[in-house]
Number of protein chains: 2
Amino acid sequence: MATGRTHRPATRSRGIPEATVARLPLYLRALTALSERSVPTVSSEELAAAAGVNSAKLRKDFSYLGSYGTRGVGYDVEYLVYQISRELGLTQDWPVVIVGIGNLGAALANYGGFASRGFRVAALIDADPAMAGKPVAGIPVQHTDELEKIIDDNGVSIGVIATPAGAAQQVCDRLVAAGVTSILNFAPTVLSVPDGVDVRKVDLSIELQILAFHEQRKAGEEAAGEPGAVPLAPKESGKGPDGDVPAVMPA
Amino acid sequence: MATGRTHRPATRSRGIPEATVARLPLYLRALTALSERSVPTVSSEELAAAAGVNSAKLRKDFSYLGSYGTRGVGYDVEYLVYQISRELGLTQDWPVVIVGIGNLGAALANYGGFASRGFRVAALIDADPAMAGKPVAGIPVQHTDELEKIIDDNGVSIGVIATPAGAAQQVCDRLVAAGVTSILNFAPTVLSVPDGVDVRKVDLSIELQILAFHEQRKAGEEAAGEPGAVPLAPKESGKGPDGDVPAVMPA
DNA sequence: CACTGTGAAACCGTTCACAGCG
DNA sequence: CGCTGTGAACGGTTTCACAGTG
């Protein structure tokens, strides 16, 4: 994802597969809902349905954590909530800083899901001096100058970047230099980070583009081989790399 | 992801692998940047670095699109931009509706990346009557009552859900009933949709939880087998599913 | 000669199917 | 008997290494 190594080789001896890790939060959410309704146990089938996966996958996933179920019965909801929380490291509180308090940064600061489980917004940081001191989601925005001090004082190891693309790498470098080792990047840029720093990327326009691809597929399919509509241009025909480049390019 | 089938089996005869599709937007962005700097050609090595992947993967990816490179030289930037745009369906304009104009919805409406490449925000929809008529990002918010009419009038096939979790499934059902076949879901819920509808999910708290997992790993590792600090609870010891359930559970 | 395009190998993730256990 | 836990089969993805070509 980033140029430097992004997440370690995933081949730690006792490692849980990445794909499984990515689903644990899903299970945890479903379990928490059950817990709130005081449901004592679930079968893999029921829980899988609630989490939107199939039961075989869920059982395999849980098998990496240990044998936490009871054959013939299912899983103890409370117990699993605890085990998964612990595995994810949510039994401790992670202080998080958000850098870039524009529309998105403000939305993130206000997002309830942050504060609720294991995360605490330790500070909001923005480069605009006019923002400094203004409270967003009840937290006063601080100026970028303070970044290193904030990271250090609060022992922050997770940073969220919600700046414009142009500023992202620079902010990233400062976060990393100050000791942050996990970054959630909302800016549409590839970040490069040193070994040992994890970057996850959330990119709205990429998600839309993937949807558009499938959408186009559907359209092309339902009227397969029809003239008009989506011009499913020659796939194998024009191989010559230049000469007849259509003058498209939106801008 | 969702309960109903989410994306088709990916085994369309001439299909481009999902993993490749997910990277095309990345390549496109890197290429667009090169194009703006009037760079005429790139090697797979250079482009791969810019996109944050390795060159073998990039070449394999491009090989699914056809033979668009020149051996000994590289790829023609303009030509590739066009080919990838076409493959992703971005040579047409996709009208998109955003439902739920809270902090996040507003951020999305203002997000430049939406409008810039192939997407147009056709309407903003919110359930709060007080919002109706108020412009956000220059577009007046419309009431949920109008949803079906808006979808229909604008020929919208892509919807973005930025409502609270509780409203998401209901909004989703209405979008689908009105003809939307691709959904980008920001609400922290599993959506169930009928066959043929694609759902992609963006979940902030899940991303953070995945980072927390790796973060905890790092902490446990650098002081392996030390007392104090992160209590790396017994991994293989307590197997008995109940009896000694720690009374944790944050709420 | 440098770089693409691609078979083949290695790897990872998912699904199947059933043995094993409460 | 019902449901978990898991080895084995499968399919997709990444990486390797090099033949092929402008």
Side-chain angles (χ1 to χ4, degrees), chain A residues 1 5-24 26-27 40-49 51-77 79-80 83 235-236 239-243, chain B residues 1 5-24 26-27 40-49 51-77 79-80 83 210 236 239-243:
Chain A
M1 212 162 254
R5 286 227 44 74
T6 283
H7 55 72
R8 53 204 52 222
T11 327
R12 280 269 132 219
S13 38
R14 183 81 68 71
I16 298 174
E18 261 308 300
T20 296
V21 172
R23 281 187 296 267
L24 292 181
L26 230 56
Y27 301 143
T41 58
V42 253
S43 68
S44 64
E45 201 70 56
E46 295 165 326
L47 182 54
V53 302
N54 73 47
S55 62
K57 191 159 19 188
L58 177 141
R59 286 200 303 279
K60 193 32 71 123
D61 285 341
F62 286 180
S63 79
Y64 295 115
L65 309 183
S67 293
Y68 293 151
T70 308
R71 292 167 202 244
V73 177
Y75 300 90
D76 182 280
V77 171
Y79 189 68
L80 250 192
Q83 290 299 344
K235 189 102 184 226
E236 217 76 292
K239 294 195 79 175
D242 49 26
Chain B
M1 216 159 249
R5 285 228 44 74
T6 284
H7 55 74
R8 55 202 51 223
T11 327
R12 282 267 131 223
S13 36
R14 183 82 67 72
I16 298 174
E18 262 306 301
T20 296
V21 172
R23 280 187 295 266
L24 291 181
L26 229 54
Y27 301 143
T41 58
V42 252
S43 66
S44 62
E45 200 70 53
E46 294 164 327
L47 184 53
V53 302
N54 74 48
S55 62
K57 188 154 32 182
L58 177 141
R59 288 200 303 278
K60 218 340 103 89
D61 285 342
F62 286 179
S63 80
Y64 295 116
L65 308 182
S67 292
Y68 293 150
T70 308
R71 292 169 201 243
V73 178
Y75 300 91
D76 182 280
V77 171
Y79 188 68
L80 249 192
Q83 290 299 344
I210 295 169
E236 216 74 293
K239 292 195 78 173
D242 49 25

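Note on naming: letters A, B, ... go to the chains in the order of the sequence lines (proteins, then strands), and numbering restarts at 1 for each one. Both backbone and side-chain heavy atoms feed into the values below; hydrogens, waters and symmetry mates do not.
Nearest heavy atom pair, residue A:Thr41 against residue A:Glu46, reads O-OE1, 4.4 Å. Residue A:Leu58 comes nearest to A:Ser44 through the heavy atom pair CD2-CB, 3.7 Å, listed as atom of the first residue, atom of the second, then distance.
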Measure all distances between protein nitrogen or oxygen atoms and nitrogen or oxygen atoms of nucleotides 8-10 of chain C, and list the pairs falling under 3.5 Å.
| from | atom 1 | to | atom 2 | distance (Å) |
| --- | --- | --- | --- | --- |
| C:dA8 | N6 | B:Lys60 | NZ | 3.4 |

Heteroatom pairs (N/O) under 3.5 angstrom, protein to nucleotides 19-22 of chain D:
| from | atom 1 | to | atom 2 | distance (Å) |
| --- | --- | --- | --- | --- |
| D:dG20 | N2 | B:Arg71 | NH1 | 3.4 |
| D:dG20 | N3 | B:Arg71 | NH1 | 3.2 |

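Nucleotide D:dT4 holds its C1' atom 14 Å from the CG atom of A:Asp61, rounded to whole Å. For the pair A:Leu80 CG and D:dT4 C1', the interatomic distance rounds to 12 Å; values are reported in whole Å. Residue B:Glu18 contributes atom CD, which lies 18 Å from atom P of D:dG11 at whole-angstrom precision. Nucleotide C:dT4 holds its P atom 16 Å from the OH atom of B:Tyr68, rounded to whole Å. When the P atom of D:dT4 is taken as reference, atom CG of A:Leu58 falls 9 Å away, rounded to whole Å. The CD-C1' distance, from B:Glu45 to D:dT15, rounds to 14 Å in whole Å. Rounded to whole Å, atom C1' of C:dT4 lies 15 Å from atom OH of B:Tyr79. We find that OH of B:Tyr64 is positioned 10 Å from C1' of C:dT6, with the value rounded to whole Å.
With values rounded to the nearest 0.5 angstrom, B:Gln83 atom CD is found 10.5 Å from B:Asp76 atom CG.
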Original post:
Is there a side-chain contact (heavy atoms from CB on, under 4.5 Å) between A:Asp61 and A:Val53 once you walk through the steps?
Top reply: CA-CA 11 Å; A:Asp61 285 341; A:Val53 302; 6.0 Å; no
### Steps toward side-chain contact (heavy atoms from CB on, under 4.5 Å) verdict (A:Val42, A:Leu80)
CA-CA 10 Å; A:Val42 253; A:Leu80 250 192; 5.5 Å; no
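The side chain of A:Ser44 places an N or O atom within less than 4.0 Å of a non-bridging phosphate oxygen (OP1 or OP2) of D:dT4. Under 4.0 angstrom from either OP1 or OP2 of D:dT13 there lies no side-chain N or O belonging to B:Lys57. Look at B:Tyr75 and you'll find a side-chain N or O under 4.0 angstrom from OP1 or OP2 of C:dG5.
Taking every side-chain heavy atom of A:Arg59 into account, C:dA17 is the closest of C:dA17, D:dT13, C:dG13.
Annotation: of the two residues near DNA chain C, B:Ser63 and A:Asn54, the 5′-most nearest-nucleotide partner is B:Ser63.
Every residue meeting the ring-ring contact (aromatic ring centres under 6.0 Å, His included) condition with A:Phe62, not counting sequence neighbours, appears here in chain and number order: A:Tyr27, A:Tyr75.
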